[in-house]
Engineer: 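Please find one structure pasted underneath; my questions will follow.
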Amino acid sequence: QVQLGESGGGVVQAGGSLRLSCAASGRAFSRYTVGWFRQAPGKEREFVATAGWTGYGTSYADSVKDRFTISRDNAKSTVYLQMNSLRPEDTAIYYCALASIQFPTTTQALYNYWGQGTQVTVSS
């Protein structure tokens, strides 16, 4: 069983930056695809970014491309989301997730494990 814990959320002004972290318990972190999703008030949860096994690439939602960067440190069993040039519309609860596949995927149903989420609020 894998447990995930997000941190790094908070309140930031528009144009600012935050770095989210997600630490995983359990073994074989390197053999999971990792993903970040978010859910804004009154909206469905949506894909943000994903990274496959090392060397298998990354993928981003159009709304965050060129502003957000996903990265992973397999030695620390941790995935990061660097968020720059934040906008009020980025306000949401951000969730990390792991999928037992090699390749990056935007499909939420393929993710086996989910964190509890961390709140990000961007003020205008």
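Just so we're clear, the structure is a prediction, and the values are computed from it rather than from any experiment. Quick note: residue numbers are just sequence positions, from 1.
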Engineer: Among side-chain atoms of D73 and T78, is any donor-acceptor pair under 3.5 angstrom?
Structural biologist: no
Engineer: So is R38 actually on top of Y95's ring, under 6.0 Å and inside 45° of the axis?
Structural biologist: no
Engineer: In the structure I gave you, are the side-chain heavy atoms of L86 and L18 within less than 4.5 Å of one another anywhere?
Structural biologist: yes
Engineer: Counting distance only, does the side-chain N/O of R67 pair as donor-acceptor with the main-chain N or O of S63 below 3.5 Å?
Structural biologist: yes
Engineer: Is there side-chain contact between T58 and P104, with heavy atoms separated by less than 4.5 Å?
Structural biologist: no
Engineer: Does I70 reach the side chain of W36, with side-chain heavy atoms less than 4.5 Å apart?
Structural biologist: yes
Engineer: Keeping E6 on the side-chain end and C22 on the backbone end, is there a donor-acceptor pair under 3.5 Å?
Structural biologist: no
Engineer: So which of T50, T33, T105 actually passes side chain to side chain donor-acceptor pair (under 3.5 Å) with Y111?
Structural biologist: T50
Engineer: Can you label the angle between the Y32 ring and the Y113 ring as parallel, tilted or perpendicular, going by 30° and 60°?
Structural biologist: perpendicular
Engineer: Got R19 and M83 here, is their nearest side-chain heavy-atom distance under 4.5 Å?
Structural biologist: no
Engineer: On the 0 to 90° scale, with breaks at 30° and 60°, tag the F103-Y56 ring pair as parallel, tilted or perpendicular.
Structural biologist: perpendicular
Engineer: Considering all heavy atoms of both residues, which atom of S17 and which atom of S85 are nearest to each other, and what is their separation?
Structural biologist: OG-N, 4.3 Å
Engineer: So do E46 and F37 actually touch side chain to side chain, heavy atoms under 4.5 Å?
Structural biologist: no
Engineer: Report yes if the side chains of T107 and F47 come closer than 4.5 Å at any heavy-atom pair, otherwise no.
Structural biologist: no
Engineer: Determine whether a donor-acceptor pair (N or O, by modelled atom type, separation under 3.5 Å) exists between the side chain of Q3 and the backbone of A24.
Structural biologist: no
Engineer: Should V12 and T121 count as side-chain neighbours, where that means a heavy-atom distance under 4.5 Å?
Structural biologist: no
Engineer: Compare all side-chain heavy atoms of F68 with those of V48 and state whether any distance is below 4.5 angstrom.
Structural biologist: yes
Engineer: Evaluate L98 against N112 for side chain to side chain contact (heavy atoms under 4.5 Å, CB included), listing each step before the verdict.
Structural biologist: CA-CA 6 Å; L98 300 185; N112 310 93; 6.0 Å; no
Engineer: Closest approach of V120 and G9, non-hydrogen atoms and distance?
Structural biologist: CG2-CA, 4.2 Å
Engineer: Please check this pair: side chain of Q1 against backbone of S25, looking for a donor-acceptor N/O pair closer than 3.5 Å.
Structural biologist: no
Engineer: Judged by atom type as modelled, is there a donor-acceptor pair below 3.5 Å linking the side chain of R72 to the main-chain atoms of G52?
Structural biologist: yes
Engineer: Measure the spacing between CD of Q119 and OH of Y94 and express it to the nearest 0.5 Å.
Structural biologist: 9.5 Å
Engineer: Between W114 (side chain only) and A97 (backbone N and O only), is there a donor and an acceptor less than 3.5 Å apart?
Structural biologist: no
Engineer: Counting only heavy atoms not in Q116, do more than 12 fall under 6.0 Å of its CD?
Structural biologist: no
Engineer: With a 4.0 Å cut-off, would you call D90 and R87 a salt bridge?
Structural biologist: no
Engineer: Using a 3.5 Å distance criterion without hydrogens, assess whether the side chain of T91 forms a donor-acceptor pair with backbone atoms of V122.
Structural biologist: yes
Engineer: Roughly how far, to the nearest 0.5 Å, is the OG1 atom of T69 from the CG atom of D66?
Structural biologist: 9.0 Å
Engineer: Mind checking whether V34 and Y60 sit in one hydrophobic cluster, side chains of I, L, V, M, F, W, Y counted as touching below 4.5 Å?
Structural biologist: yes
Engineer: With hydrophobic residues grouped by side-chain heavy-atom distances under 4.5 Å, do V2 and L110 end up in a single group?
Structural biologist: no
